[in-house]
Amino acid sequence: MNSDQNFDNEGIALFDTAIGACGVAWSQRGVIGIQLPEASDIATRERIKRRFPHLTEGVPGPAARSAIGAVETLMSGGEVELAEVELDFEGVPAFHRQVYQALRSTSRGTTLTYGELAALAGSPGAARAVGTALRRNPMAVLVPCHRVVAAGGKLGGFSAGGGLSTKTRMLAIEGVTIGAQAATP
């Protein structure tokens, strides 16, 4: 049996990154969730188990391994093509999916505003709805919501573990200085 056949069709797993232990959840169709670090590895594990109570810890398949590699690379300052990681958007509302797909096309080290992302997603003027979609983003990093800032280059919000300090750290890893003029993709 080759290594691509020795994996679980669905599950969760923790993995180490430069910012701490993260979690990944996957289905047969692709990645369904990424968990950013909590205060401890135990807290991260508990959080991803709460988010995906129907899944157990397992051996990541190809999509999950691709996601792990992408998150590890990005969090250590490397370039990675996030759009190549296979995601499972089943159950994700259509507008949120449009926002997530548009955001996945942004490059490392760039930021855009909620309004700019709304326009990229085909819904100019829907900046508040974009904010709602980002608050519900199940795949932080792979859908790089940390790259979205408020108008005028202000930081905006961030609902993942660690809040704005995690967002600031992730942007700094990508070479973005907070308070500087936001660059467009």
Side-chain angles (χ1 to χ4, degrees), residues 1-89 92 100 103-111 134-149 155-178:
M1 181 180 290
N2 81 34
S3 64
D4 277 348
Q5 294 173 331
N6 192 20
F7 60 86
D8 295 305
N9 288 326
E10 62 180 22
I12 59 173
L14 258 53
F15 60 97
D16 290 323
T17 73
I19 66 167
C22 291
V24 62
W26 67 93
S27 73
Q28 290 180 312
R29 293 173 300 280
V31 174
I32 59 175
I34 293 289
Q35 178 62 52
L36 290 174
E38 294 288 325
S40 69
D41 293 2
I42 292 170
T44 302
R45 177 176 279 109
E46 288 173 357
R47 178 77 177 262
I48 199 161
K49 283 182 175 183
R50 277 194 312 275
R51 287 180 59 200
F52 302 98
H54 62 289
L55 299 177
T56 59
E57 290 194 51
V59 177
R65 287 195 313 266
S66 176
I68 290 167
V71 173
E72 289 171 338
T73 298
L74 192 65
M75 293 299 93
S76 26
E79 283 283 338
V80 65
E81 185 56 52
L82 298 175
E84 292 179 4
V85 177
E86 189 176 348
L87 303 181
D88 177 358
F89 285 118
V92 173
Y100 300 160
L103 186 52
R104 290 182 78 203
S105 69
T106 63
S107 300
R108 176 189 175 279
T110 62
T111 60
L134 296 181
R135 276 190 302 280
R136 296 182 180 152
N137 176 9
M139 298 169 240
V141 183
L142 298 178
V143 176
C145 53
H146 63 281
R147 295 178 182 160
V148 182
V149 296
L155 195 53
F158 197 63
S159 58
L164 293 178
S165 64
T166 297
K167 181 176 185 172
T168 301
R169 186 172 181 194
M170 291 170 69
L171 287 170
I173 288 169
E174 293 189 19
V176 175
T177 303
I178 303 307

| message | Quick one, Trp26 and Asp88 - any side-chain contact, counting heavy atoms below 4.5 Å? | response | no

| remark: Closest heavy-atom pair, Thr17 versus Met75, reported as atoms and distance to 0.1 Å, is CB-CB, 4.1 Å

| task | Take Cys145 and Leu103, measure what side chain to side chain contact (heavy atoms under 4.5 Å, CB included) needs, and give me the verdict at the end. | result | CA-CA 7 Å; Cys145 53; Leu103 186 52; 4.3 Å; yes

| Would you say the side chain of Ile68 lies within less than 4.5 Å of the side chain of Pro60, judging by non-hydrogen atoms? | yes

| Set of side-chain contact (heavy atoms from CB on, under 4.5 Å) partners for Glu86, sequence neighbours left out | Ala63

| note | Here the pair of heavy atoms bringing Pro37 nearest to Cys22 is CD-SG, 3.6 Å

| field | Non-neighbouring partners of Arg45 that pass side-chain contact (heavy atoms from CB on, under 4.5 Å), sequence neighbours left out | value | Leu14, Lys49, Glu57

| said: Checking Arg135 now: which residues fulfil side-chain hydrogen bond (donor to acceptor under 3.5 Å, both in side chains) with it, not counting sequence neighbours? | reply: Thr132

| Close side-chain approach of Tyr100 to Pro138, heavy-atom, < 4.5 Å | yes

| Non-neighbouring partners of Asp8 that pass salt bridge (Lys or Arg N to Asp or Glu O under 4.0 Å), sequence neighbours left out | none

| request: Give every residue pair that meets the salt bridge (charged side-chain N to carboxylate O under 4.0 Å, His left out) criterion with at least one member in residues 157-166, sequence neighbours excluded. | output: none

| note | The side-chain contact (heavy atoms from CB on, under 4.5 Å) partners of Thr56 (sequence neighbours excluded) come to none

| field | Least distance between heavy atoms, Lys167 atom then Val149 atom | value | NZ-CA, 4.4 Å

| remark: Tightest non-hydrogen contact, residues Ala21 and Asp41, listed as CB-OD1, 3.2 Å

| request: Quick one: closest heavy-atom pair of Met139 and Val31, and the distance? | output: SD-O, 3.6 Å

| query | Is any side-chain heavy atom of Gln28 less than 4.5 Å from a side-chain heavy atom of Glu10? | reply | no

| With sequence neighbours excluded, residues passing side-chain contact (heavy atoms from CB on, under 4.5 Å) with Ala70 | Val80, Leu82, Val85, Leu142

| Distance-only, no hydrogens or angles: does the Thr110 side chain make a donor-acceptor pair with backbone N or O of Thr106 under 3.5 Å? | no

| field | Minimum side-chain heavy-atom gap Leu171-Phe158 below 4.5 Å | value | no

| remark: So side chain to side chain donor-acceptor pair (under 3.5 Å) across residues 69-78, not counting sequence neighbours, yields none

| Is there a side chain to side chain contact (heavy atoms under 4.5 Å, CB included) between Val143 and Leu87 once you walk through the steps? | CA-CA 10 Å; Val143 176; Leu87 303 181; 4.0 Å; yes

| request: Would you please name every residue forming a side-chain hydrogen bond (donor to acceptor under 3.5 Å, both in side chains) with Arg47, sequence neighbours left out? | output: Glu38

| said: Is any side-chain heavy atom of Ile32 closer than 4.5 Å to one of Leu55? | reply: yes

| query | Can you find a pair of side-chain heavy atoms, one from Arg65 and one from Val24, that are under 4.5 Å apart? | reply | no

| query | Glu174: what forms a side-chain hydrogen bond (donor to acceptor under 3.5 Å, both in side chains) with it, not counting sequence neighbours? | reply | His146, Arg147

| query | Shortest non-hydrogen contact from Ala140 to Leu36? | reply | CB-CD1, 3.9 Å

| With sequence neighbours left out, what residues match Arg51 under side-chain hydrogen bond (donor to acceptor under 3.5 Å, both in side chains)? | Gln35

| message | Measuring only between side-chain heavy atoms, which start at C-beta, is Ile173 closer than 4.5 Å to Leu74? | response | no

